[in-house]
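Atoms considered below: every heavy atom in the structure, side chains included; atoms not considered: hydrogens, waters and symmetry mates. Per chain, numbering begins at 1; letters A, B, ... match sequence-line order.
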Amino acid sequence: MEAGERGLQTNYVSGTSQMERKKHHLLPPSKSASEEIIKAKSSEGSYCKRNSYPGRNAYENRSALVMRDEKDSLGHDRGQENFHLGQRSHVRETLRLFQAVCRKLLHEEEAKPNRQNSHKRVDYLVARILKDKKKYIPVDKKVIGSVPGVEVGDEFQYRVELNMIGLHLQIQGGIDYVKHEGKILATSIVASGGYDDKLDNSDVLIYTGQGGNVMNGGKEPEDQKLERGNLALANNIHEQNPVRVIRSDTKAFEYRTYIYDGLYLVERYWQDVGLHGKLVYKFKLARIPGQPELSWKVGLCVDDISQGKELIPNCAVNTVDDEMPPKGCDCTNGCSKLEKCACVAKNGGEIPYNHNRAIVQAKPLVYECGPSCKCPPSCYNRVSQQGIKVQLEIFKTEARGWGVRSLNSIGPGSFIYEFVGELLEEKEAERTTSNDKYLFNIGNNYNDGSLWGGLSNVMPDAPSSSCGVVEDVEYGNVGRFVNHSCSPNLYAQNVLYDHEDKRMPHKMLFAAENISPLQELTYHYSYVIDQVYDSSGNIKKKSCFCGSSECTGLVNLSN
DNA sequence: GGGACCTCAGATAA
DNA sequence: CTTATCTGAGGTCC
């Protein structure tokens with residue numbers, strides 16, 4: 001295999017013939033960028049990259065498309081695999097950064113007393129900033145077929161995110177296309193119900209063409225023309241090249257999401273009379289078989305999934321005893337007067353959460369309003385104390401025993417659950433730890449880089465320093481089932497609200513990124529190297545199967 | 001109070 | 001340089 005070809009490969013294989021396959025392997029991201037990434041990532045823990053991608057339910061049994069490739073030529077596909085994994089962390093990093101800065105700016109907007117001259121479109125603003133800072137995934141030419149690093153089931157909050165990672169390069173347009181050998185071919189579409197589409201749950205999608213002022217109510221409706229996006233989609237039929245489909249789910253839990261639904265082929269198109277009486281184009285797209293099932297489809301039968309399995313009840317109240325609580329704030333208006341609120345002061349002058357209850361950024365310690373505060377439960381500074389909001393489920397993973405996943409989409413910064421454990425002095429922890437208990441340090445997530453100075457460090461991948469040892473005991477909640485990952489999607493945040501003992505903060509787990517339904521929740525067990533010994537004095541290590549490209553392959557703990 | 005509808009400013013690619 | 005575009009926020013109406 002030529003090194004240069006590596007980047008040309010996409011994960012897509014439709015037919016069996018080499019000729020057919022070639023059609024779908026077009027227009028890669030830049031070769032130099034790909035090679036750089038491969039170099040940077042492939043040396044890290046390669047043997048750990050087994051069956052699953054980091055924390056993705058739908059990928060545990062991997063895409064059949066890739067499997068087929070692996071049969072063809074093993075060496076070749078390992079390179080491709082590495083490339084994908086490298087790109088994947090790149091993609092995740094980019095999205096996290098975007099989301100983190102969005103939360104930050106949104107937070108600032110919310111704090112403004114009058115919203116007159118405020119930026120209404122935080123998404124555009126942040127997109128611009130990241131573009132200027134060259135944080136976008138570089139795209140030399142538009143990719144036809146799978147985009148490396150993006151997997152079926154991935155979810156996004158804003159359209160610009162699709163643009164940022166090269167999944168769909170139109171900011172608002174629904175049909176993205178590229179010129180190829182004198183013809184325009186559609187590369188991706190966004191189906192969000194703006195037009196009169198048939199968006200049922202089958203693998204067939206009837207997509208309405210663009211134009212005709214269907215979306216623009218101000219103008220006279222016209223017949224749609226077979227040009228631009230419509231022409232591109234029509235051309236796809238002859239070329240048989242795949243189209244990436246991104247669906248919008250407006251009925252998602254909490255907020256709307258865009259979901260990457262995988263590759264489709266345009267089968268035919270026709271004209272129809274639209275709602276306004278003018279002609280529109282309709283395109284029939286069929287999902288290419290062999291791709292991972294979409295979780296939102298599975299989500300339609302949530303009841304089936306949860307049957308016979310344990311659904312987690314609301315988070316157990318913490319185990320801290322009832323010492324006299326400290327004095328809280330006297331705010332009666334939900335602590336919106338920042339300069340007057342005692343709790344806000346403890347947080348450095350701001351409420352650490354957005355109005356949508358997402359934590360803005362990791363801090364060494366977050367002070368929520370507590371029982372002694374006069375503010376109502378609806379106060380923006382009461383989030384994690386209100387317990388689990390997402391539906392969690394314990395499930396059997398492929399290679400890691402039991403794990404935990406959510407039945408809902410989870411927005412970045414959302415509170416997930418409280419780790420209920422018991423604080424122990426380190427020595428005592430060593431002494432009392434038996435083989436089957438979880439023992440690990442909970443780091444504090446303090447990150448000193450200012451947002452603008454250290455953009456890439458806004459939301460840490462893993463706790464950094466340690467400040468105590470927690471042992472999960474028998475009354476431990478869902479946290480005991482959450483697996484370790486070297487590139488986790490949760491992180492632990494210290495929170496105080498019902499007492500002021502900084503040695504015993506609540507360990508609250510928040511989402512570090514957008515998490516799709518049924519995707520496994522993981523976090524970094526921030527262990528301290530060489531700290532855990534077995535009974536004969538040997539350091540305990542355990543193979544790690546998290547599948548992350550950053551995986552070291554070993555977890556130093558007894559598990 | 002929430003959902004459906006409207007309006008309007010918008011950034012970018014074509 | 002226009003112009004089109006399955007945004008996204010905010011408002012209104014029921």
Side-chain angles (χ1 to χ4, degrees), chain A residues 98-99 102-103 105-106 108-110 112 114-132 136 139-142 156-180 182-199 205-233 235 243-261 264 274-276 280-283 285 354-356 378 411:
Chain A
F98 170 81
Q99 293 153 1
C102 275
R103 285 198 302 277
L105 288 191
L106 192 61
E108 286 173 11
E109 293 300 324
E110 286 169 352
K112 285 182 183 169
N114 62 338
R115 301 288 210 79
Q116 296 294 349
N117 49 0
S118 63
H119 287 99
K120 292 193 175 105
R121 296 296 296 266
V122 172
D123 54 333
Y124 282 157
L125 185 57
V126 176
R128 162 71 70 85
I129 292 167
L130 296 195
K131 196 166 198 177
D132 288 350
Y136 275 34
V139 176
D140 269 7
K141 286 179 182 171
K142 289 182 181 176
F156 312 90
Q157 214 171 141
Y158 291 100
R159 278 286 300 266
V160 280
E161 293 177 63
L162 311 178
N163 183 270
M164 202 166 285
I165 61 171
L167 189 62
H168 185 80
L169 295 177
Q170 298 291 324
I171 297 295
Q172 294 188 4
I175 308 170
D176 195 17
Y177 54 92
V178 65
K179 198 163 196 177
H180 177 64
K183 264 184 169 179
I184 53 171
L185 299 176
T187 55
S188 53
I189 61 171
V190 176
S192 47
Y195 287 80
D196 181 30
D197 300 324
K198 293 277 180 302
L199 300 174
L205 167 65
I206 308 296
Y207 192 77
T208 306
Q210 64 186 186
N213 295 326
V214 178
M215 295 298 291
N216 189 343
K219 291 185 185 169
E220 268 311 293
E222 301 168 355
D223 290 345
Q224 289 187 346
K225 300 186 185 98
L226 194 60
E227 58 183 20
R228 310 167 72 199
N230 299 346
L231 180 59
L233 279 171
N235 286 341
V243 184
R244 297 184 294 272
V245 171
I246 299 106
R247 300 198 188 224
S248 160
D249 182 4
T250 49
K251 290 194 274 293
F253 182 71
E254 281 185 326
Y255 59 92
R256 163 212 198 119
T257 54
Y258 294 97
I259 306 169
Y260 176 48
D261 188 11
Y264 282 63
L275 294 175
H276 50 295
V280 296
Y281 283 97
K282 296 281 185 182
F283 298 89
L285 290 93
N354 279 330
H355 287 9
N356 57 12
S378 60

Here the gap from A/Leu185 atom CG to A/Leu233 atom CG, rounded to the nearest 0.5 Å, amounts to 10.0 Å
To the nearest 0.5 Å, atom CG of A/Leu167 lies from atom NZ of A/Lys142 at 12.0 Å
Whole-Å distance, A/Glu222 CD to C/dT5 C1', equals 14 Å
Using Watson-Crick geometry (N1-N3 plus N6-O4 or O6-N4) or G-U wobble (N1-O2, O6-N3), each under 3.5 Å, B/dA14 is paired with C/dT2
Between CG of A/Asn213 and P of C/dC6 the distance, given in whole Å, is 11 Å
How is A/Gly211 classified with respect to the nucleic acid when contacts are heavy atoms under 4.0 Å: base, sugar-phosphate, or nothing?
sugar-phosphate
Side-chain contact check for A/Asp123: nearest option of B/dA14, C/dC6, C/dG8 is C/dG8
Look only at the side chain of A/Asp176 and the backbone of A/Thr187, and say whether a donor-acceptor pair between them is shorter than 3.5 Å.
no
Rounded to whole Å, the CG-C1' distance (A/Leu162 to C/dG8) equals 14 Å
Rounded to whole Å, the CG-P distance (A/Asn356 to C/dG8) equals 15 Å
Query raised in the report: So what does A/Tyr207 touch, heavy atoms closer than 4.0 Å: a base, only the sugar-phosphate, or nothing?
Result: base
Given C/dT5, is OP1 or OP2 found less than 4.0 Å from the side-chain N or O atoms of A/Tyr177?
no
Can a side chain N or O of A/Tyr255 be found less than 4.0 Å away from OP1 or OP2 on C/dG8? no
Quiz item: Taking only N and O in the side chain of A/Lys142, is any of them less than 4.0 Å away from OP1 or OP2 of B/dA14?
Solution: yes
Dump every N/O contact between nucleotides 10-12 of chain B and the protein below 3.5 Å, one line per pair.
unit_1	atom_1	unit_2	atom_2	d
B/dG10	N2	A/Gln172	OE1	2.3
B/dG10	N2	A/Gln172	NE2	2.6
B/dG10	N3	A/Gln172	NE2	3.3
B/dT12	OP2	A/Arg128	NH2	3.4

From OH of A/Tyr158 across to C1' of C/dC6 the rounded distance in Å is 18 Å
Check: With no hydrogens and no angle check, is any side-chain donor or acceptor of A/Glu109 less than 3.5 Å from a backbone partner on A/Val122?
Finding: no
A/Arg159 CZ to C/dT7 C1', in whole Å, measures 7 Å
| Taking only N and O in the side chain of A/Arg256, is any of them less than 4.0 Å away from OP1 or OP2 of C/dT7? | yes
Distance col, row A/Lys131:NZ vs A/Ile129:CD1, nearest 0.5 angstrom, shows 13.5 Å
Open item on the list: Does C/dC6 have its OP1 or OP2 closer than 4.0 Å to a side-chain nitrogen or oxygen of A/Ser248?
Closed with: no
In whole angstroms, the gap separating C1' of B/dA14 from CG of A/Leu231 amounts to 14 Å
Rounded to the nearest 0.5 angstrom, the CD-CG distance for A/Glu108 and A/Asn354 is 10.0 Å
Rounding to 0.5 Å, atoms CD (A/Gln170) and CG (A/Asn163) come to a distance of 8.5 Å
